[in-house]
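Heads up, the thing below is written out as C-alpha cells.
When reading the values below, keep in mind they use all heavy atoms of this one structure, side chains included, and skip hydrogens, waters and symmetry mates. In listed order, ligands and their atoms are each counted from 1.
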Amino acid sequence: MGPTGEANPLFAPGILAGRTAFITGGGSGIGYGIAECLAAAGAAVGVFSRNEARVSRAAERLADDSGVATIATVGDVRDPEALRRAVSETRDRLGSIDILINNAAGNFYAPTADLSPNGWRAVVEIDLFGTFHACQAVYPVMAEQGFGRIVSISMTIHYRGWPLMAHATAAKAGVDALTRTLAIEWARQGINVNAVAPGPIPTEGVRKAFQAPPSDEIDMFGTRTGGGFAERFIPAGRLGHTHDIGRMATYLCSPGGDWVTGQIFVVDGGESLVSPRTIPAAE
Ligand code: NAP
C-alpha cells in the first residue's frame, strides 16, 4: 500500500482515544477503510451490517490489526428497531457512542423508465431512510452526553444529474439535505453533522454493481476500454483509496473539526469538477 493507503499519517496517535464509533456498512469497502482510520486514531469501533459472517470477520481483523476494542452487530439499516438494538449493544459493550458513520448504501445501474418500484424503494430506503434511522438511533445517547459527531457518506454525481442512477442520486441529495438540517437542529446538543462525498473508489461493492458499464465514460475498471479512466477523468490521476475518505472522517471527528458542521466535503481528486461525460447514447 502506497502513501495514500496509510490510515493515520496526520493525526496525533490516540487523538480519538476514549471515543467510540458506530459504522453502518463498516465490514467492507469504504466503511471498513473509515473503521481502520478511526481505529488508528485510537477510537473503539462497532461495525454494523447484514452479513453476519463478513461483519464479524471485519471486527476481529480490525481488533487484531489496531489493538482497539471492536464489536460487530448485525441488521439492516432499513429497520429502525435493529439499529436501536445495535446502538444499545455497542454502547453497553464499548462504553459510549460518540461517532456515527452513515456509510451503508446500495446502488446499481437502471434506466429510470424500467426501474421497478421495489428497486427504487430499496436504494432510497437503504441510503436515505437508513441514514435517518441511524441518526435517530444515536441521538438520545449523543444528546445525553452533550457530544456527537455524525458523518454521512454521500456522493457527487447528483450535483449534475447522472443517467441510470435516479434512485441513488435522489437518495444522496436527501442525505445532503438531512445533513444540513440536523446540523442546525442538533447543534446545541453538541452534535456536529457533516457529510463526505467520495469520488470513484474501486471497492468490491462497486466492482460487483458496475461491472457492465453502459458507456466508456463511466468505465472505472476498464471493462470496456481496457483502462485509462483515472488518467482521463480524474485531475489527480488516480482512483481513490478508502483511506482518503477515512482520513477526512477522522479529521471531522477529531478536535480539529469542533466548529465544523452542516458541510459536505468532496474528496475526489477533482473528478466532479471536470468533463461533461453523462449524456446517454441515443437508443
Ligand atoms: P460497498 O462495498 O457495496 O459496501 C456497502 C456496505 O454497506 C457493505 O458493508 C454492506 O454490508 C452494507 N450494507 C448495504 N446495505 C445495507 C443495509 N440495508 N443494511 C446494513 N448494511 C448494509 O460500498 P462502498 O463502495 O464501500 O460504498 C460505501 C459508501 O460510499 C456508500 O454510501 C456509497 O454510496 C458511497 N460512495 C462510494 C463510491 C465508490 O466509488 N465506491 C463513490 C461515491 C460514494 P452487508 O452486505 O453485510 O449488509
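Proximity to V206 (heavy-atom distance under 4.0 Å) selects the following atoms of ligand 1: 25 (O), 39 (C), 40 (O), 41 (N). Counting the atoms of ligand 1 from 1 in the order shown, those under 4.0 Å from a heavy atom of A104 are 7 (O), 13 (N), 21 (N), 22 (C). The contact set between ligand 1 and P200, taken as ligand atoms under 4.0 Å from a residue heavy atom, comprises 40 (O). Of all atoms in ligand 1, numbered sequentially from 1 with element shown, those under 4.0 Å from a heavy atom of G25 are 6 (C), 7 (O), 9 (O), 12 (C). Residue S49 approaches ligand 1 through these ligand atoms, each under 4.0 Å from one of its heavy atoms: 11 (O), 20 (C), 21 (N), 45 (P), 47 (O), 48 (O). Per-residue contacts place G199 under 4.0 angstrom from the following atoms of ligand 1 (heavy atoms of the residue considered): 40 (O), 42 (C). Those atoms of ligand 1 with a heavy atom of I153 less than 4.0 angstrom away are 29 (C), 30 (O), 32 (O), 35 (C). Distances below 4.0 Å separate heavy atoms of G29 from the following atoms of ligand 1: 26 (O).
At a threshold of 4.5 Å between side-chain heavy atoms, the hydrophobic network of Ile, Leu, Val, Met, Phe, Trp and Tyr places I23 and L128 in two separate groups. A continuous path of ILVMFWY side-chain contacts below 4.5 Å connects Y139 to L178, so both sit in one hydrophobic cluster.
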**OP:** Could you give me the CA-CA distance, side-chain angles and deciding distance for E60 and R57, then say whether salt bridge (charged side-chain N to carboxylate O under 4.0 Å, His left out) is met?
**Re:** CA-CA 5 Å; E60 283 164 22; R57 266 197 313 273; over 6 Å; no
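Taking T242 as the reference, nothing meets the side-chain hydrogen bond (donor to acceptor under 3.5 Å, both in side chains) condition, with sequence neighbours excluded.
Polar contact with ligand 1: absent for G26 (N/O pair, distance under 3.5 Å). Considering backbone and side-chain N/O atoms, R54 comes within less than 3.5 Å of an N/O atom of ligand 1. At under 3.5 Å, not a single nitrogen or oxygen of D127, backbone or side chain, sits near a nitrogen or oxygen of ligand 1. For ligand 1, the polar-atom distance check against G31 finds no nitrogen or oxygen pair separated by under 3.5 Å. At a 3.5 angstrom cut-off on N or O pairs, M155 does not count as close to ligand 1.
For I126, every heavy-atom contact with ligand 1 shorter than 4.0 Å involves the side chain, none the backbone. With a 4.0 Å heavy-atom cut-off, ligand 1 is reached by no atom of A197. Of all the heavy atoms of V77, the ones lying under 4.0 Å from any atom of ligand 1 are found in both the backbone and the side chain.
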Give every donor-acceptor pair under 3.5 Å between a side-chain atom in residues 88-96 and any protein atom, sequence neighbours left out.
residue : atom : partner : partner atom : Å
T90     : OG1  : A86     : O            : 2.7
S96     : OG   : D98     : OD2          : 2.7

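Side-chain polar atoms of D219 and T225 form a donor-acceptor pair below 3.5 angstrom.
A distance of 9.0 Å separates CZ in R207 from CE in M220, rounded to the nearest 0.5 Å.
Residue I153 forms a side chain to side chain contact (heavy atoms under 4.5 Å, CB included) with just one option from I34, N102, D127, and that option is I34.
Ligand 1 does not have A168 within reach: every non-hydrogen atom of the residue lies 4.0 Å or more from it.
Because its NZ or CZ atom is not both nearer than 6.0 Å to the ring centre of F129 and within 45° of the ring axis, R121 does not count as a cation-pi partner of that residue.
Around the CD atom of Q189, the shell of radius 6.0 Å holds more than 12 heavy atoms that belong to other residues, nucleotides or ligands.
Taking the six-membered ring where tryptophan is involved, the planes of Y109 and F210 are tilted, since the angle between them lies from 30° to 60°.
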